[in-house]
Amino acid sequence: MKNHEDKIDLLAIDDFQKNLPDLIDWALRIKNGEGLVDEFKPLEGMSIGSIYEKPSTRTRVSFEVGVSKLGGQPVTLLSNDIQLGKSESIADTAAVLSRFLDGITYRCFKHQDVVELAKHSKIPVINALSDLHHPCQAAADLMTITEHKKKVNGHISWVGDGNNVFHDLLLASVSMGHDVSYATPVGFEPNSEILIRAKKIADETGAKVIGTNDPIEAVTDAGVIYTDIFVSMGEEHIKDKFQSFDGFQINNDLVSYADQDYLFMHCLPAHRGEEVTDTVIDSKNSVVFDQAENRMWAQMSLLTYMCNENAWHSFNELY
Ligand code: CP
Ligand code: NVA
């Protein structure tokens, strides 16, 4: 690890509350000058491990390709193939991986597990999705909003489950000064401790946070409409959860209340015909595949900042 006095971890996006705008700006510049990646190899000689306890398409590919583009070696560790969760503790796994690797990303069920891994690891740890947070998604999402709209015409609206993706979207949006209005069914509101954190940040930036159980109220005059699957990975056992989301589908009727140039966003994978119709996700307002691509550029910024801070700053100065 180079430069930071102590290793830094990214467990939730508010860990990087203050420097999020700069991290996003860096990601946009490396994306737009892609040729530069041929010369810029800040992770040369480094290996970044990625542990997955749940399936992934975007996170896995974006980390593997992004690490390679930066000159590093990606090491993917699927939970079925490693000792973690069978005969080895998180603490011992962290100690061992710290002897080989220069950074770890971890997709886990319980958020406490990534906290534990970070506590026992001597190298930076990135949360690649837990039941409470998805910081890499939020970094890519705010990058996508910045890329498409210099100024968002209206608030960011969330309709659906008050889940991991929403928690970090909310924290990141208020950190960047965006107003957020969210609608969830009764009983599926966001985590109350995370809401308190978000409202504290909103007080600092002047952003407003409004919660409701009415999707029409949340999307009226919105500049961004965001949703996610109603039943997340690991929640399949929650009986009848899906039925609670009647009336929460993003369809032509609901989006007619938003600003006409609204952006439609979804972290993907989408369950078409459930939380969103084809008419919306395939419309000109939809930026879902830009979000997917931006996972890679945003994570390249995060990894370079966390594993080689000097190189992150020198790129900033050079380009
Ligand atoms: N959005 C997201 O994290 O996708 P994957 O589950 O495919 O990684
Ligand atoms: N909320 C979803 C996001 C998937 C990328 C889940 O946790 O399954």
Side-chain angles (χ1 to χ4, degrees), residues 10-13 27 48-67 74 76-80 104-114 126-145 158-172 182-185 187-191 194 224-238 241-242 244-245 248-250 263-272 274-276 281 286-300 302-303:
L10 175 60
L11 305 185
I13 197 66
I48 307 295
S50 294
I51 306 172
Y52 292 94
E53 289 181 357
K54 299 174 183 172
S56 168
T57 298
R58 278 142 290 269
T59 306
R60 177 172 174 175
V61 176
S62 59
F63 270 116
E64 289 188 0
V65 177
V67 168
T76 296
L77 302 161
L78 304 181
S79 61
N80 277 349
I104 311 175
T105 79
Y106 185 21
R107 169 166 288 199
C108 60
F109 284 94
K110 295 195 298 272
H111 186 70
Q112 196 47 41
D113 287 352
V114 67
I126 295 180
N127 177 1
L129 182 146
S130 66
D131 58 351
L132 282 185
H133 292 286
H134 199 358
C136 299
Q137 184 68 52
D141 294 340
L142 269 293
M143 175 183 171
T144 307
I145 292 170
W158 174 272
V159 177
D161 191 18
N163 67 10
N164 48 4
V165 172
F166 177 59
H167 290 153
D168 285 56
L169 179 76
L170 172 65
L171 291 163
Y182 62 89
T184 66
F188 296 98
E189 288 85 1
N191 175 285
I194 295 169
V224 173
I225 298 179
Y226 201 129
T227 191
D228 184 12
I229 53 173
F230 295 144
V231 181
S232 285
M233 293 181 278
E235 294 185 341
E236 296 79 3
H237 63 282
I238 303 179
K241 181 173 180 188
F242 185 78
S244 309
F245 289 82
F248 282 75
Q249 185 187 66
I250 311 293
L263 299 179
F264 173 72
M265 301 183 74
H266 192 308
C267 57
L268 304 179
H271 290 181
R272 288 164 175 260
E274 293 184 5
E275 73 275 5
V276 61
I281 198 169
S286 175
V287 293
V288 297
F289 300 117
D290 293 333
Q291 288 176 260
E293 177 188 336
N294 286 341
R295 289 291 305 276
M296 182 182 77
W297 301 111
Q299 287 158 193
M300 286 166 71
L302 295 168
L303 280 166

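Counting starts at 1 for both ligands and their atoms, in listed order. What's counted below: heavy atoms across the whole structure, side chains too, no hydrogens, waters or symmetry copies. Numbers here simply count residues along the sequence, with the first being 1.
With 3.5 Å as the limit, one finds no donor-acceptor pair spanning the side chains of E189 and Y182. Between the side chains of E275 and T227, no donor-acceptor pair is found at a separation under 3.5 Å.
Checking only distances, L129 never comes within under 3.5 Å of ligand 2, N or O to N or O. Considering backbone and side-chain N/O atoms, C267 comes within less than 3.5 Å of an N/O atom of ligand 1. Taking any N or O of S232, backbone or side chain, at least one lies under 3.5 Å from an N or O belonging to ligand 2.
Listed by atom number, the atoms of ligand 2 under 4.0 Å from L268 heavy atoms are 5 (C). Per-residue contacts place L268 under 4.0 angstrom from the following atoms of ligand 1 (heavy atoms of the residue considered): 1 (N), 2 (C), 4 (O). Counting atoms of ligand 2 from 1 in the listed order, those under 4.0 Å from a heavy atom of N163 are 1 (N).
Within the 4.0 Å heavy-atom criterion, neither part of D131 lies near ligand 2. For L129, no heavy-atom contact with ligand 1 is shorter than 4.0 Å. Contacts between K54 and ligand 1, counted as non-hydrogen atom pairs separated by less than 4.0 Å, are absent for every part of the residue. Residue contacts with ligand 2 for D161 are absent, since no atom lies close enough (heavy atoms, distance under 4.0 Å).
With hydrogens left out, the protein atom closest to atom 3 (C) of ligand 2 is D228 OD2, 3.6 Å, a heavy atom. Summary of contacts: the protein heavy atom closest to atom 7 (O) of ligand 2 is N164 ND2, 2.8 Å. Ranking the protein heavy atoms by distance from atom 7 (O) of ligand 1 puts T57 N, 2.7 Å first. The protein heavy atom nearest to atom 8 (O) of ligand 2 is M233 N, 2.8 Å. In terms of protein heavy-atom proximity, atom 4 (O) of ligand 1 is closest to R58 NE, 2.8 Å.
Summarising the contacts of atom 6 (O) of ligand 1 with R107, R60, R295, the nearest heavy atom is found in R107.
You'll find the side chain of Q291 reaches within 4.5 Å of the side chain of V288, heavy atoms only. Between S232 and N164 there is a side-chain heavy-atom pair separated by less than 4.5 Å. M265 places none of its side-chain heavy atoms less than 4.5 Å from the side chain of L169. Here the side chains of N163 and H134 are not in contact, with every heavy-atom distance at 4.5 Å or above.
Between D161 and I229, the closest heavy-atom pair is CB-O, 4.4 Å. Nearest approach of A270 to I281, heavy atoms of both residues: CB-CD1, 3.7 Å.
In terms of modelled atom types and a separation under 3.5 Å, the side chain of R107 and the main chain of L129 share no donor-acceptor contact.
Ring-plane geometry between F245 and F230 is classed as parallel, the angle between the planes falling under 30 degrees on a 0 to 90 degree scale with a further cut at 60.
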